[in-house]
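These notes concern the structure reproduced below.
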Amino acid sequence: MTAPLQDVPVAVVVAVLTYRRTEQLRALLPQLVAQAEELDAAGDYATTVVVVDNDPAADAAAVVAPLAPRVRYVHEEVPGIANGRARAVTEAAAADLLVFIDDDEEPRPGWLTALVGTWAERGRPAGVVGRVSPTYAGETDPWIEAGGFFRRRQYATGTPVPAASSANLLLDVHVLRDLGLTFDRSLGLRGGEDTLLTETLTRSGHSLLWCAEAEVIDHIPPERMDRRWVLRRAYSHGAVTTRVALGFAAGGRTLRLRLAVIAAGRVLAGAGQALVGRLTGRLTWQARGWRLVYRGAGMLVGTLGRDVTEYRRG
């Protein structure tokens, strides 16, 4: 990896948002410490791991304490994933790079070095996006597998992407600072704050580049391997799509109508595909048809200004 051309080390913050997942966090943090040490040894970098705990009980503090000072703990009391991500940006204000990984993910060997290396070697873009590959806890419902509900798009390293989730994401803090940009706290538990921020970056003329070598494994628990759960997720993603699109539109009445037409078309097309799949016994058509129905329905609800809370808490 090419060393950074500056007099002081590049300060990297790896942020983990967590909410009542102490066991997953306990498994993840030693891996992040090892990757941070590997990155620092490979070049002129100084890496810290920051855990942002959104649990009112602050249970993650006890998990982090033995790993200080390499791992730092902060407690974000305001509930909501958007608030947690915005707090991570605040905690990284003095750093150069901010890297996000989820608390239920596992980094593959060389993940952090590859992510930062792509940033260093490809013109220091505003962001670098890595691969997220699912693994399932137990037997997978063939219907869910056929629908591709947990599969994500893949690209060649260096490919520009228009927006990204924060499941495996590097951001250049200097670009965020120059634009006065952070995650929108008003989105709270609704989700979509990462899509909104990253699309704002690309709409501002900055680039997000893909890094195929920077892979994390997304551990899918049994409670998510459920048809109702994946369809609700497709519904909420549809709502996020329209929320983000309308957020960039001035006025938005014409766009709202166009999105409503597109959404209705997806509902009808998905219903037709699901029906054909049922009549012909094609499981892929059935599952993907229902996925399209629910995503279209979410889009339609979004055009009406209705809120969809993706990250519900009991």
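Since the structure is predicted, the reported quantities are computational estimates derived from the model, not experimental observations.
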Considering all heavy atoms of both residues, which atom of [X] and which atom of [Y] are nearest to each other, and what is their separation?
X	Y	value
Trp285	Gly277	CB-CA, 3.7 Å
His174	Ala95	NE2-O, 4.4 Å
Leu17	Ala88	CD1-CB, 4.5 Å
His75	Arg87	O-NH1, 3.1 Å
Thr200	Ser204	O-OG, 2.7 Å
Val63	Pro66	O-CD, 3.3 Å

For the side chain of [X] and the backbone of [Y], is there at least one donor-acceptor N/O pair under 3.5 Å apart?
X	Y	answer
Arg288	Ala146	yes
Thr280	Val276	yes
Thr140	Tyr136	no
Thr242	Ala239	yes
Glu91	Ala15	no
Asp96	Ala11	yes
Trp111	Val216	no
Asp172	Ala126	no
Asn54	Gly80	yes
Ser207	Pro125	no

Same cluster or not: [X] versus [Y], using hydrophobic residues (I, L, V, M, F, W, Y) connected whenever any side-chain heavy atoms lie under 4.5 Å apart?
X	Y	answer
Leu268	Leu300	no
Val293	Leu304	no
Val74	Leu171	yes
Val230	Val301	yes
Leu112	Leu25	yes

Next on the checklist: Would Arg228 and Glu223 count as a salt bridge (charged side-chain N to carboxylate O under 4.0 Å, His left out) here? Give the steps.
Outcome noted: CA-CA 10 Å; Arg228 289 173 297 179; Glu223 60 268 23; over 6 Å; no

[atom1] of [X] to [atom2] of [Y]: how many Å apart, nearest 0.5 Å?
X	Y	atom1	atom2	result
Thr118	Arg124	OG1	CZ	13.5 Å
Gln31	Ile101	CD	CD1	8.0 Å
Glu121	Leu209	CD	CG	12.0 Å
Arg266	Leu259	CZ	CG	9.0 Å

Checklist entry - Regarding Arg85 and the six-membered ring of Phe100, is the cationic atom NZ or CZ under 6.0 Å from the ring centre and inside 45° of its axis? => result yes

Is a side-chain donor-acceptor pair under 3.5 Å present for [Y] with [X]?
X	Y	answer
Ser133	Glu215	yes
Glu213	Thr157	yes
Asp40	Thr47	yes
His219	Glu105	no

Any non-hydrogen side-chain atom of [X] less than 4.5 Å from a side-chain atom of [Y]?
X	Y	result
Glu37	Arg70	yes
Val173	Leu97	no
Leu115	Val99	yes
Leu29	Val64	yes
Pro56	Tyr19	yes
Leu187	Leu196	yes
Val89	Leu98	yes
Leu28	Pro107	yes

Next on the checklist: Assess the residue pair Asp141 and Met225 against the criterion (side chain to side chain contact (heavy atoms under 4.5 Å, CB included)); give the C-alpha distance rounded to whole Å, side-chain angles, the decisive distance to 0.1 Å, and a yes or no.
Outcome noted: CA-CA 7 Å; Asp141 182 343; Met225 296 164 58; over 6 Å; no

Would you say that more than 12 heavy atoms from the other residues, nucleotides or ligands in this model lie under 6.0 Å from the [atom1] of [X], or not?
X	atom1	result
Arg227	CZ	yes
Glu77	CD	no
Glu139	CD	no
Arg108	CZ	no

Checklist entry - Hey, are Arg151 and Glu145 close enough for a salt bridge, meaning a charged N less than 4.0 Å from a carboxylate O? => result yes

Item to check | Verdict with supporting geometry, Leu246 and Leu255, side chain to side chain contact (heavy atoms under 4.5 Å, CB included) | outcome: CA-CA 7 Å; Leu246 290 170; Leu255 177 61; 4.1 Å; yes

Checklist entry - For Arg20, which of Asp103, Asp104, Asp55 qualifies under salt bridge (Lys or Arg N to Asp or Glu O under 4.0 Å)? => result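 Only one option passes, and that is Asp55.
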
Next on the checklist: With side chain to side chain contact (heavy atoms under 4.5 Å, CB included) as the criterion, how do Thr135 and Glu106 come out once you've worked through the C-alpha distance, each side chain's angles and the decisive distance to 0.1 Å?
Outcome noted: CA-CA 10 Å; Thr135 185; Glu106 176 186 356; over 6 Å; no

Next on the checklist: I'd like to know whether the aromatic ring centres of Trp290 and Phe149 sit less than 6.0 Å apart in this structure.
Outcome noted: no

Checklist entry - Considering the options Asp59, Asp53, Asp102, which one meets the side-chain contact (heavy atoms from CB on, under 4.5 Å) requirement together with Thr18? => result Asp53

